[in-house]
Undergrad: 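Let me give you the structure first, and then I'll get to my questions.
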Amino acid sequence: MTSPATATEQPAVADPWSTLPDHLGWGSASLTAAMRAARPRRPQAGAEGERGRQGAKEPWGQGESFEPELSTLDTTTQLHNYTTTSIRLYPDLTLAMLRRKQAAAGRLWLLLRHLDRDGQGWLHIAAIREKLCDPQAPLRLCGWRQLRNLIRQGEGIFWQPDKERLWLKSTARVAAALGVTRLSLRPVAVPVAALVGTIGQVRAHFYATFHSGRGREQRGRRAGGNGRGRAMPVARATLQRVSGVSRRSQQAYERRAAVKVQFNYAVGEVATPEESQARGWQHGRALFTIQDYRRRQRRQEKNYLAWQLPNSYSGVHDQQPKGAQKRLNRQLADLLTQGTTGNGRETRESQQRFYANAVLAVRSYNRSPGRDVYWPAQQLRRGRLWQVIAALPAGKK
């Protein structure tokens, strides 16, 4: 134990934080305030502290040379458990994580931003290890070795580490690093419990955010959608393109995340040899014939051509207000290379085929009669029937 006399003989170590100017630079006053709040409570001894700083090359290295005491962490870095709350996710971002095979590191980034209660943009690595690697922690994610691997994997995309802290990147910078050009889908709320499960469960919920984020927007205001209803049909090939998930994995994720699937069928023209041949070339095995014995199409009982359409999906996550989404898109546009945004993009009108009612479908067909347009007609027990206006052959108006 050090005597009072010895303690008074030791030279006082000047506090370097007291000599800092009012603004540290980097163009951020909030960063200056965060660094001032994070100053250490106890100054390290001269020679001993210098040797510790020189030996700590990586806080997650094999030697584990840096291990600060949790009692020395500032109160602003205390992490809180929110196991019963939800995290706000942007479906465009989670789909990009699936396409780039970054679901594991992206899940860690989302949890760290959730744990950063004060929004300071960084967390102590020791505190992260305590909250995410301790077997008794409610938010236990993985072991210490796997956490080091995830930090290496996401470096430069989701965060930038130093000897003591993990500096988290903003949503716009992460989106730009993952190749997202615009956040178009509505944000959704995903429970924290879904993100601390297995990585398969996390991928399933990342995939399901696409269906949750497009429900209300596609159904329209007049339809009275609540954000969890079924949206317009979407093909499996389209889902594979936007998410990078194969058809079989899509079906597995839908079962795992409890996404409800609705089958859709279109009723077309009267079944004649000529029409059957034309539709057969277009729809292949999806084409079949139905008999209108209840005379719902016409007064006479006849056979009609029908074919299966892409499925509709019911989202499982509640939609959130867009809030700062417009500001994030402006930041994202500034981060992208000039000329990248908007090149080679088709208009939404040229891609859309399904409409909420017949009036919208007819209006669109009059502008572009070279494609089939559909609108819902009748709800069945295990699906829905859609009416169709057939596209005009090429060269006819």
Side-chain angles (χ1 to χ4, degrees), residues 23-35 37 76 82 85-100 102 105-123 154 156-160 166-192 195 205-206 208-221 225-227 231 242-243 315 317-345 347-348:
H23 194 278
L24 296 182
W26 302 295
S28 175
S30 59
L31 178 59
T32 301
M35 293 189 66
T76 58
Y82 302 102
T85 58
S86 300
I87 296 180
R88 179 188 178 95
L89 300 187
Y90 291 95
D92 301 275
L93 203 56
T94 56
L95 293 176
M97 294 176 187
L98 290 176
R99 290 195 303 268
R100 298 297 184 92
Q102 292 286 346
R107 182 253 300 265
L108 177 60
W109 175 75
L110 291 170
L111 289 175
L112 293 180
R113 284 176 60 88
H114 180 66
L115 293 174
D116 183 15
R117 184 185 184 188
D118 297 327
Q120 58 190 4
W122 58 268
L123 294 170
I157 301 176
F158 300 101
W159 47 68
Q160 196 65 41
L166 203 63
W167 296 84
L168 304 177
K169 291 184 176 293
S170 64
T171 302
R173 291 189 178 276
V174 170
L178 293 175
V180 178
T181 59
R182 181 177 177 79
L183 301 176
S184 57
L185 298 174
R186 188 178 292 271
V188 298
V190 177
V192 176
L195 297 181
H205 279 273
F206 280 4
T209 57
F210 173 79
H211 302 301
S212 302
R214 67 188 294 263
R216 180 189 303 174
E217 189 175 32
Q218 296 292 339
R219 283 164 62 93
R221 296 181 179 179
N226 59 1
V242 300
S243 65
H317 308 113
D318 293 330
Q319 291 187 352
Q320 300 293 304
K322 288 190 174 182
Q325 188 165 338
K326 186 178 295 185
R327 175 178 56 83
L328 290 175
N329 282 328
R330 288 197 299 266
Q331 296 177 0
L332 188 58
D334 294 338
L335 292 173
L336 294 174
T337 307
Q338 185 177 5
T340 301
T341 305
N343 287 349
R345 295 177 61 185
T347 61
R348 184 169 179 246

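Quick caveat, the model's predicted, so the values are computed rather than measured. The residues of the chain are indexed from 1 along the displayed sequence.
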Undergrad: For Leu183, does its backbone N or O pair with a side-chain atom of Asn329 as donor and acceptor, under 3.5 Å?
TA: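 Yes, because the side chain of Asn329 sits within donor-acceptor range (under 3.5 Å) of the backbone of Leu183.
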Undergrad: Output the distance between atom CG (Leu93) and atom CG (Leu98), rounded to the nearest 0.5 Å.
TA: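 One gets 10.5 Å once the value is rounded to the nearest 0.5 Å.
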Undergrad: For a 4.5 angstrom cut-off between non-hydrogen side-chain atoms, does Lys169 reach Ile157?
TA: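 No - every pair of side-chain heavy atoms lies 4.5 Å or more apart.
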Undergrad: Supply the atom-to-atom distance Thr94 OG1 to Arg99 CZ, rounded to the nearest 0.5 angstrom.
TA: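 So the gap between those two atoms works out to 9.5 Å.
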Undergrad: What is the distance from atom CE of Met97 to atom CG of Leu110, rounded to the nearest 0.5 Å?
TA: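 Separation between the atoms: 4.5 Å.
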Undergrad: Evaluate the side-chain proximity of Trp109 to Thr171: yes if any heavy-atom separation is below 4.5 Å, no if none is.
TA: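 Side chain of Thr171 against side chain of Trp109, heavy atoms only: contact under 4.5 Å found.
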Undergrad: Considering only heavy atoms from C-beta outward, does the side chain of Tyr90 approach that of Val180 to under 4.5 Å?
TA: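 Not touching, per the 4.5 Å side-chain cut-off.
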Undergrad: Measure the shortest side-chain to side-chain distance between Arg186 and Gln320 over non-hydrogen atoms and say whether it is less than 4.5 angstrom.
TA: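 Sidechains of Gln320 and Arg186: no contact.
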Undergrad: With rounding to the nearest 0.5 Å, note down the distance linking NZ in Lys326 to CZ in Arg330.
TA: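 Separation between the atoms: 7.5 Å.
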Undergrad: Below 4.5 Å, heavy atoms only, C-beta onward: do Phe206 and Leu195 meet side chain to side chain?
TA: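 Contact flag for Phe206/Leu195 side chains = yes.
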Undergrad: Should we count CZ of Arg88 as having more than 12 external heavy atoms under 6.0 Å?
TA: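 Yes, CZ of Arg88 has more than 12 neighbouring heavy atoms, counting only those of other groups under 6.0 Å.
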Undergrad: Asp92: what forms a side chain to side chain donor-acceptor pair (under 3.5 Å) with it, not counting sequence neighbours?
TA: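 Ser184.
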Undergrad: Taking C-beta and beyond as the side chain, do Val192 and Leu111 meet within less than 4.5 Å on heavy atoms?
TA: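 Yes, at least one pair of side-chain atoms sits under 4.5 Å.
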Undergrad: What distance do Arg117 atom CZ and Leu115 atom CG have between them, rounded to the nearest 0.5 Å?
TA: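 The CZ atom of Arg117 sits 11.5 Å away from the CG atom of Leu115.
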Undergrad: Do the side chain of Gln325 and the main chain of Leu185 share a donor and acceptor less than 3.5 angstrom apart?
TA: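 At least one qualifying donor-acceptor pair exists.
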Undergrad: Roughly how far, to the nearest 0.5 Å, is the CG atom of Leu166 from the CD atom of Gln160?
TA: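 It comes to 9.0 Å.
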Undergrad: Taking Ser212 for the side chain and His317 for the main chain, is one N or O donor matched with an acceptor at less than 3.5 Å?
TA: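 Here the side-chain-to-backbone pair exists.
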Undergrad: Would Leu89 and His205 count as a side-chain contact (heavy atoms from CB on, under 4.5 Å) here? Give the steps.
TA: CA-CA 11 Å; Leu89 300 187; His205 279 273; over 6 Å; no
Undergrad: Find out whether Trp159 and Leu108 are in side-chain contact, i.e. whether some heavy atom of one side chain is under 4.5 Å from a heavy atom of the other.
TA: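 In short, these two side chains touch, coming nearer than 4.5 Å.
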